[in-house]
A.B. asks: 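Got a structure here, written out as structure tokens. Questions coming.
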Amino acid sequence: MKLYLQRDVSAGNIGFTVFDESGREKYRVANEKTKLSTRLNLSVKNQDGEIAAKIRRFPIANAFVLKAGKAHVTFVMVPTKRGVLSYFYGNNWHILGNVAAKNFTIIDVDKTVILNHRRHADRCTLEIFNEENELYCVAASVCVNLINTTEKPVVKTAGI
């Protein structure tokens, strides 16, 4: 199934909208207000406004806990000079491709494809191959799109 992830810039908060192939809204991702300013909590809500999944970002680095139902997965992204290294804990998934450019594939340990994530000018395409992984794929895609990256690295020079 194909879904489309688009950043919601209309609100002052962090937000994303997920559409299906026919253009209908399937999920809305919004920031939950918390008392702690260092913690980011996002809710993935379905069309009925019910919370289908939660994303919690740890204040250190780019570590996220993705929770759907009673199960959870930890997703960590580590920026390095050679790109962004990504790891999943709690399942056997691996990432192939360029996370910084937002063009990557998530595979299982047996090399079956879980998700193809492709960036376009105004949105990202999520091609999900198993419906039971849909919420985790949407949540992981939101996490990747929270990281601000540029297509071409910029070299900063010291002012004279």
Side-chain angles (χ1 to χ4, degrees), residues 1-9 11 13-21 24-32 34 38-47 50-80 82-151:
M1 94 185 68
K2 275 191 183 178
L3 298 176
Y4 301 97
L5 177 72
Q6 187 170 17
R7 188 90 184 230
D8 186 4
V9 294
N13 296 333
I14 296 170
F16 294 89
T17 306
V18 180
F19 299 97
D20 62 12
E21 288 183 282
R24 288 179 296 210
E25 181 179 310
K26 186 156 188 180
Y27 299 109
R28 182 168 292 275
V29 181
N31 187 16
E32 293 179 4
T34 63
T38 58
R39 184 177 289 167
L40 176 67
N41 291 320
L42 298 170
S43 294
V44 180
K45 296 182 179 180
N46 60 19
Q47 307 96 316
E50 299 170 348
I51 296 176
K54 289 187 176 191
I55 303 168
R56 186 176 79 199
R57 180 178 180 186
F58 288 108
I60 54 168
N62 293 313
F64 300 89
V65 174
L66 317 176
K67 185 173 182 180
K70 294 181 181 181
H72 71 278
V73 173
T74 302
F75 179 50
V76 179
M77 292 180 286
V78 181
T80 67
R82 293 186 176 166
V84 179
L85 303 176
S86 304
Y87 304 98
F88 285 98
Y89 300 96
N91 63 18
N92 294 321
W93 293 1
H94 303 281
I95 291 186
L96 301 174
N98 190 342
V99 174
K102 297 174 180 54
N103 292 312
F104 60 91
T105 301
I106 297 177
I107 62 168
D108 205 345
V109 70
D110 63 355
K111 303 214 187 299
T112 58
V113 177
I114 306 292
L115 166 74
N116 280 327
H117 184 284
R118 298 293 171 252
R119 178 181 166 187
H120 304 285
D122 60 340
R123 66 178 186 247
C124 294
T125 302
L126 314 176
E127 190 174 2
I128 303 168
F129 293 92
N130 189 341
E131 193 172 326
E132 70 183 39
N133 295 323
E134 180 177 348
L135 286 171
Y136 288 113
C137 291
V138 168
S141 297
V142 166
C143 295
V144 167
N145 284 281
L146 285 172
I147 306 303
N148 292 326
T149 58
T150 58
E151 284 293 309

A.B. asks: Taking only residues two or more places apart in sequence or in another chain, which ones pass side chain to side chain donor-acceptor pair (under 3.5 Å) with Glu21?
C.D. replies: none
A.B. asks: Which residues pass the side chain to side chain donor-acceptor pair (under 3.5 Å) test with Asn133, sequence neighbours left out?
C.D. replies: none
A.B. asks: Let me confirm one number: the CD1-OG1 distance from Ile128 to Thr125, rounded to the nearest 0.5 Å.
C.D. replies: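 That separation rounds to 11.0 Å.
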A.B. asks: Restricting to pairs with a member in residues 66-80, which pass side-chain hydrogen bond (donor to acceptor under 3.5 Å, both in side chains), not counting sequence neighbours?
C.D. replies: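 Residue pairs passing side-chain hydrogen bond (donor to acceptor under 3.5 Å, both in side chains), neighbours aside: none found.
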A.B. asks: The criterion is ring pair (Phe, Tyr, Trp, His ring centres under 6.0 Å); which residues satisfy it with Phe75, sequence neighbours excluded?
C.D. replies: Phe88
A.B. asks: Supply the atom-to-atom distance Arg24 CZ to Asp20 CG, rounded to the nearest 0.5 angstrom.
C.D. replies: 5.0 Å
A.B. asks: Which is it for Thr105 and Arg118 under the side chain to side chain contact (heavy atoms under 4.5 Å, CB included) test, yes or no, and what are the steps along the way?
C.D. replies: CA-CA 9 Å; Thr105 301; Arg118 298 293 171 252; 3.4 Å; yes
A.B. asks: Any pair with a residue in residues 134-145 that passes salt bridge (charged side-chain N to carboxylate O under 4.0 Å, His left out), sequence neighbours left out, goes on the list, sorted by first then second residue, please.
C.D. replies: Lys26-Glu134
A.B. asks: Using every non-hydrogen atom in the two residues, find where Gln6 and Phe19 come nearest and quote the distance to one decimal.
C.D. replies: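 Shortest heavy-atom contact: OE1-CE1, 3.5 Å.
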A.B. asks: Minimum heavy-atom separation for Phe16 to Leu5, with atom names?
C.D. replies: CB-CD1, 3.7 Å
A.B. asks: With ring-ring contact (aromatic ring centres under 6.0 Å, His included) as the rule and sequence neighbours excluded, what pairs involving residues 104-124 come up?
C.D. replies: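 Listed once each, the pairs are Phe104-His117.
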A.B. asks: Which pairs pass salt bridge (charged side-chain N to carboxylate O under 4.0 Å, His left out) with one or both residues in residues 122-131, sequence neighbours excluded?
C.D. replies: none
A.B. asks: Which residues pass the side chain to side chain donor-acceptor pair (under 3.5 Å) test with Tyr136, not counting sequence neighbours?
C.D. replies: none
A.B. asks: Do you know which two heavy atoms are closest between Asn145 and Arg7, and how far apart they sit?
C.D. replies: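 That would be O-NH1, 3.4 Å.
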A.B. asks: If I compare all heavy atoms of Leu42 with all of Asn31, which pair ends up nearest, and what's the gap?
C.D. replies: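 It is CD2-CA, 3.5 Å.
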A.B. asks: Please report the shortest heavy-atom distance between Ser141 and Leu115, naming the atom on each side.
C.D. replies: OG-CD2, 3.7 Å
A.B. asks: Within a strict 4.5 Å, meaning less than it, do heavy atoms of the Trp93 and Ser86 side chains meet?
C.D. replies: no
A.B. asks: Can you list the steps and then say if Val76 with Tyr89 is a side chain to side chain contact (heavy atoms under 4.5 Å, CB included)?
C.D. replies: CA-CA 8 Å; Val76 179; Tyr89 300 96; 3.9 Å; yes
A.B. asks: Just how far is it from atom CG of Leu96 to atom CG of Asn103, taken to the nearest 0.5 Å?
C.D. replies: 13.0 Å
A.B. asks: Run the side chain to side chain contact (heavy atoms under 4.5 Å, CB included) test against Ile51 and tell me which residues pass, sequence neighbours left out.
C.D. replies: Glu32, Ser43, Lys45, Lys54
A.B. asks: In chain order, what residues pass the side chain to side chain donor-acceptor pair (under 3.5 Å) check against Asn91, with sequence neighbours excluded?
C.D. replies: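 Counting only residues at least two positions away or on another chain, Asn91 forms no side chain to side chain donor-acceptor pair (under 3.5 Å).
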A.B. asks: Under a 4.5 Å cut-off applied to non-hydrogen side-chain atoms, are Asn62 and Arg57 in contact?
C.D. replies: yes
A.B. asks: Quick one: pull up SG in Cys124 and CG in Asn116 and give me the separation to the nearest 0.5 Å.
C.D. replies: 12.5 Å
A.B. asks: What's the spacing between Ile95 CD1 and Ile114 CD1 if we round to 0.5 Å?
C.D. replies: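 Between Ile95 CD1 and Ile114 CD1, I get 11.5 Å after rounding to 0.5 Å.
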A.B. asks: Give the minimum heavy-atom separation between Met77 and Cys143, together with the two atoms involved.
C.D. replies: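 So the minimum-distance heavy-atom pair works out to CE-O, 3.5 Å.
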A.B. asks: Would you please test Val142 and Ile55 for side chain to side chain contact (heavy atoms under 4.5 Å, CB included) and show each step?
C.D. replies: CA-CA 9 Å; Val142 166; Ile55 303 168; 3.9 Å; yes
A.B. asks: Please enumerate all residues that pass salt bridge (charged side-chain N to carboxylate O under 4.0 Å, His left out) together with Asp108, with sequence neighbours excluded.
C.D. replies: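 Partners of Asp108 by the salt bridge (charged side-chain N to carboxylate O under 4.0 Å, His left out) criterion come out as none, since no residue qualifies.
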A.B. asks: For Arg82, which residues count as a salt bridge (charged side-chain N to carboxylate O under 4.0 Å, His left out) partner, sequence neighbours excluded?
C.D. replies: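 For Arg82 there are no salt bridge (charged side-chain N to carboxylate O under 4.0 Å, His left out) partners, ignoring immediate neighbours.
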